[in-house]
Undergrad: 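There's a structure below that I have some questions on.
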Number of protein chains: 2
Amino acid sequence: MLDRSCIEAIDPLLEILDGKWTLPLLLELFVGTRRFGELRRRLHPISPKTLTDRLRVLEEKGIITRTLYPGVPLHVEYELTERGWKLQPIFAAMWAWVQEDDLNANKKNQL
Amino acid sequence: MLDRSCIEAIDPLLEILDGKWTLPLLLELFVGTRRFGELRRRLHPISPKTLTDRLRVLEEKGIITRTLYPGVPLHVEYELTERGWKLQPIFAAMWAWVQEDDLNANKKNQL
DNA sequence: CGGCATCCCTTAGGATACTG
DNA sequence: CAGTATCCTAAGGGATGCCG
């Protein structure tokens with residue numbers, strides 16, 4: 001199933017997921033559409049520069065969309081694309097690992 | 001399924017997966033037990049320092065084991081622990097994403 | 001063979017102030 | 001509100017040489 005041929009092929013994905021805040025950011029967007037300030041608060045203490053950088057990269061790679069609603073004050077929404085949503089199983093697998101890992105850790109503590 | 005509560009919890013996993021070479025390195029170990037020089041060749045152009053650093057971190061976190069076979073020349077083998085093997089579904093999910101993503105890319109190119 | 005030790009450098013990311 | 005513009009630093013990682 002997994003073999004050496006995967007390694008090169010998986011590289012574009014690693015580029016998408018790269019960056020300290022990318023995974024937490026994506027987790028936020030799996031919950032739902034988010035505004036810039038909302039993301040900033042929830043991902044605290046991320047800096048606005050970093051948040052912008054990551055959002056731009058993900059947009060460029062077709063993982064999220066940026067929608068501007070004109071008016072004052074400004075209103076911008078970030079949302080996963082279809083391609084972005086398909087990343088969810090990866091996070092689900094991560095989450096599953098963490099849960100089982102915690103379970104085992106607790107078992108050991110109870111000995 | 002996935003919600004905000006996952007975000008903190010998933011952090012230890014992100015620490016494990018952190019680093020430019022960690023995922024390619026783990027992919028190598030999913031294929032099988034590997035020696036230092038073997039990893040170095042297959043992960044070329046990784047530097048020996050970086051490889052050592054990553055191996056030490058993964059060892060410390062209980063993801064891999066390091067086995068020294070005394071003798072000249074030295075012989076060292078790195079192998080996934082049980083905990084490490086359980087990461088495989090995450091990589092499988094990544095691999096699945098990449099495959100479907102490529103499929104879609106090809107479809108579009110054929111239009 | 002399987003590493004350390006060293007030195008160097010790039011760059012992701014932080015802090016802060018300002019703007020359309 | 002949603003960013004940009006600057007400046008700065010910490011550290012991950014590269015290159016190289018030596019050693020048990």
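Sequence lines set the chain letters: A, B, ... in the order given, protein chains first and strands last, and positions in each chain run from 1.
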Undergrad: From C-beta outward on P48(A), which listed nucleotide comes closest to its side chain: dG2(C), dT4(D), dG13(C)?
TA: dT4(D)

Undergrad: Rounded to whole Å, please give me the gap between CG in D18(A) and P in dT11(C).
TA: 13 Å

Undergrad: It should be established whether R35(A) places a side-chain nitrogen or oxygen under 4.0 Å from OP1 or OP2 of nucleotide dA2(D).
TA: yes

Undergrad: Nearest whole angstrom, please: distance from the P of dA12(C) to the CG of L58(A).
TA: 14 Å

Undergrad: Whole Å only: how far is the CG atom of L68(B) from the C1' atom of dC4(C)?
TA: 15 Å

Undergrad: Determine: side-chain N/O of R56(A) to OP1/OP2 of dT4(D), distance under 4.0 Å, yes or no.
TA: yes

Undergrad: Checking all strands, does Y69(B) fall into the base, sugar-phosphate, or nothing category for heavy-atom contacts under 4.0 angstrom?
TA: nothing

Undergrad: For dA12(C), does either OP1 or OP2 sit under 4.0 Å from a side-chain N or O belonging to W21(A)?
TA: no

Undergrad: Examine dG14(D): is either OP1 or OP2 under 4.0 Å from a nitrogen or oxygen in the side chain of S47(B)? Give yes or no.
TA: yes

Undergrad: With a 4.0 Å cut-off on N to O distance, would you call R56(A) and E60(A) a salt bridge?
TA: no

Undergrad: Hey, can you tell me if Y69(B) and H75(B) have their rings parallel, tilted or perpendicular (30° and 60° cut-offs)?
TA: perpendicular

Undergrad: Please check the phosphate of dG3(D) (OP1 and OP2 only) for any side-chain N or O of Y78(A) closer than 4.0 Å.
TA: yes

Undergrad: Once you round it to whole Å, what is the distance between C1' of dG3(C) and CD1 of I46(B)?
TA: 13 Å

Undergrad: Flag the pair E59(B) and R66(B) as a salt bridge only when some basic side-chain nitrogen lies within less than 4.0 angstrom of an acidic carboxylate oxygen.
TA: no

Undergrad: Between R34(A) and E77(A), does any side-chain N to carboxylate O distance fall below 4.0 Å?
TA: no

Undergrad: May I have the distance from D53(B) (atom CG) to dG2(C) (atom P), rounded to whole angstrom?
TA: 17 Å

Undergrad: Indicate whether OP1 or OP2 belonging to dG14(C) is found under 4.0 Å from a side-chain N or O atom of K20(A).
TA: yes

Undergrad: Regarding K49(B), tell me which of base, sugar-phosphate or nothing describes its non-hydrogen contacts under 4.0 Å with the strands shown.
TA: base

Undergrad: Kindly assign one of parallel, tilted or perpendicular to the pair F30(B) and W85(B), based on the angle between their ring planes and the thresholds 30° and 60°.
TA: tilted

Undergrad: Please report, rounded to the nearest Å, how far the C1' atom of dA12(C) is from the CG atom of L43(A).
TA: 16 Å

Undergrad: Take atom NE2 of H75(B) and atom C1' of dG2(C), then tell me their distance rounded to the nearest Å.
TA: 11 Å

Undergrad: Look at all strands and tell whether R40(B) reaches a base, only sugar-phosphate, or nothing, counting heavy atoms closer than 4.0 Å.
TA: nothing

Undergrad: More 5' along DNA chain C: P45(A) or L74(B), using each one's nearest nucleotide?
TA: L74(B)

Undergrad: Please check the phosphate of dG2(C) (OP1 and OP2 only) for any side-chain N or O of R66(B) closer than 4.0 Å.
TA: no

Undergrad: In whole angstrom, give the distance that lies between atom CG of L25(B) and atom P of dG12(D).
TA: 16 Å

